[in-house]
Amino acid sequence: MLEVRDVLKTYDGRAVVNRVSFDVRPGEVFALLGPNGAGKTTLIRMITDILRPDAGTVRLEGRAIDASVKHLIGYLPEERGLYRRSKVLELLEYFGRLKGMTPEAARVAATALLARVDLSEWAAKQTQALSKGMQQKVQLCTALIGEPRLLILDEPFTGLDPINVQLFEEILAERRAAGATVLLSTHQMNKVEEVCDRALMINHGTVVLYGTVRELRRQYADHAVVVRTERMVDALPGVKTVAGANGDWKLTLEPQATPESVLRALLDRGVAIESFALATLPLEDIFVKVVREGVGLDQGASRAPAVQEPVTAGGAR
Amino acid sequence: MTLSFPRVLTVARREFLTAIRRKAFFLMLVGLPAYIVVVTTIAGRAEEKERAQVLKELSTLGVVDSSGLFAGAPREIQTDVSTTDMAAPGPGRGAMPAIPMRSFTTKVLFYPDQRAAEAALRAKDVSQVLVVPADYLQQGRVRRYARGSSLFSSADRRAIAAWLAGGLVQGHVAPEVAARVAKPAQHEALYTMNRRGEFELKDDRRELVDFMLPFMFTFLLGMCIVLSGQYLLQGLAEEKENRILESLMCMVSAEELMTGKLLGLGAVGLFVMLVWVGGGLAIMGPTLAILQAVPPPSLIVLALVYFVFAYLFFGSIMTGIGAVTNNMREAQQFSVMFSFANFIPILLLSIILARPSSPIAVGLSLFPPTAAPTMLMRMSAAGAVVPPWQIALSLALLAGTATLTLFAGARVFRVALLMYGKTPNLPEILRWARQG
């Protein structure tokens, strides 16, 4: 669906995005992660053809990214805004027409989208009359109009109340069911765990994590298991330490021990187990670990020099 | 650079409709010409009224004649002044309208000495006192006393000067000669050569038309260019402040956005020009036809050509400024000096109209930032003949510069559009313009 190969972007001789490669598969929800100033916005701008890479290629459905495929992309930037004096429906029609829709088709699509986000009665109002949350829904509609094959959402949940977060998630699921691919950039790691299939994390313009969310969590898991039981026993073979309280126990394993051997030992000792799981780290902890400790895929040689993204729209993240 | 024409047209259409739907646009479209007409009319009427008021107040002139030269001078001063009622139709089809005249009479009272005359002035028995010393013939000095004086009219001075001239020869020559000395060219008719090489009468009205036509042409062109440029600037500043550009640029390229804006807002400038010219012709058409003040079609066509190139030149600069600045205040600070260039010819109007082929007029009409208004001012100046090579060179220079600024502006626009924060310095902007 989306192929990014060896993409490089430099400003004043400094690499802001340094030889980044990844694929996004059709129909998946893909997370683009990274700390503030990591180069995410620059990368997204190259995917959306707002910026041209200095080297490397970006292809969408097998075609090089240029003006001819722009209509296949819907983009909700983090730094977003609307024409304040435009009427809501007219604004959406304008965006639809820019995506190559006929006036009639744009009007029908805009009307349907407004109905979907419960804003039909605001269609004839100026956008400045809308609340911030409503404006955010209109902004989502500007990205959705034209039914883009690739939907890029940059911090879509920021500032939304729980009801609207749920609405956004439902719409995301609908788009996915309709065959669209979603590229989600967010700092809300719980959302990544909830909705994303795979993730890419960049730091200083370089890829530091790349894989399925499950794989990443396993990769950074401690060699430990989490057991829920009323009673924990001492001196289990293969267990280095036991910590916990109130029925939740974390068992750190000896290097040679496996979760299966520990489970068997617990059952042999007659422990009634309510739940047994690998002790994986939440994605948020992995994020902090990778950024703070500098661990990841590209330690050392391929690490780009310390760079700061220029102060641009959405750049100061 | 490949442009999608439908996308460009979509942007242009939106820019055009957004601009003309604004209340401020309608107010400007109707209000500005109305304002100019009202102010010009009030100013003209006020000047005329002031002149009449000065002559009306000079109902009695006290004279102390120590020279004895004016003993036989007339005891009345008759002053006729023309009014400038342009709307008054003339007698007969196609004829020049008659100029309405108004007469004022001033009585002349002689006093034996200055003290008596001053007392009469203080008692308001006379409006002014004229003291003619004994050595007037040798020195030419007179003294005039009044309770006040008008800052804006010297009609009283001219009336008294005419009385002095007539009085000097009164009794020495035939009365009709004395009267003619007082008003040697009371009904002067000046004939000047028109564009067809024919001599035609140039009266006060003709003079006014000769001034107004180039002025209005220059003003109109300058206003339309500046107006379109300002809308361009305002739109971009709003888009930057509203942070909508990133969403837009995901769908259109910077070049498509810039071209669409230039087209849409250029159309706004043309629309304003058409409405103002059309409205002006509809209201003033018959009078302008009588005065032969309707500009020739070739001049109108040339004005449109100049508008297109001048607008592209200024519009490209404005898009560049809009892209590198962060808000409207900053953008206006940068743009004001470029907008001002359009009005330089109006500041130099008297020089350009008096000498349309002077080096300064030719120079300004070749210099791209001032070429369009200056050339049109020169071409619409009464009797002026601009050599075709100067028009061709002026257009070529303007078109060449407009093309360069268009490409440079597009490069700056593309690079700077999504930059916020620090405004780039001139070397940075020049580097973007060169390299894109």
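Model, not experiment: these values are computed from the prediction. Numbered from 1 within each chain, the chains take letters A, B, ... in sequence-line order. Atoms considered below: every heavy atom in the structure, side chains included; atoms not considered: hydrogens, waters and symmetry mates.
- Heavy-atom distances place the side chain of A:Glu90, and not its backbone, under 4.5 Å from chain B.
- By the 6.0 Å contact criterion, CD on A:Glu147 is open, its count of non-hydrogen atoms from other residues, nucleotides or ligands being 12 or less.
- Between A:Gly81 and B:Ile244, the shortest heavy-atom distance links the atoms O-CG1, 3.4 Å.
- Summarising the local packing, CZ of A:Arg176 is surrounded by more than 12 heavy atoms from other residues, nucleotides or ligands at distances under 6.0 Å.
- For the pair A:Arg45/B:Glu246, a side-chain contact is recorded, criterion being any heavy-atom separation below 4.5 Å from C-beta on.
- B:Ser4 does not touch chain A: none of its heavy atoms, backbone or side chain, sits under 4.5 Å away.
- The shortest non-hydrogen separation linking B:Arg7 to A:Ala67 is NH2-O, 3.2 Å.
- When A:Arg84, A:Lys99, A:His71 are compared by the number of non-hydrogen pairs under 4.5 Å with chain B, A:Arg84 comes out ahead.
- Inspection of non-hydrogen atoms places B:Arg21, B:Arg22 of residues 20-30 of chain B under 4.5 Å from chain A.
- The nearest pair of heavy atoms linking B:Met249 to A:Ile50 is O-CG1, 3.5 Å.
- Residue B:Cys250 holds its SG atom at 10.5 Å from CD1 of A:Ile44, rounded to the nearest 0.5 Å.
- Taking all atoms of both residues into account, the shortest heavy-atom contact from B:Ser253 to A:Lys70 is N-CE, 4.2 Å.
- Note: B:Met251 leads B:Glu256, B:Met251, B:Glu238 in heavy-atom pairs under 4.5 Å with chain A.
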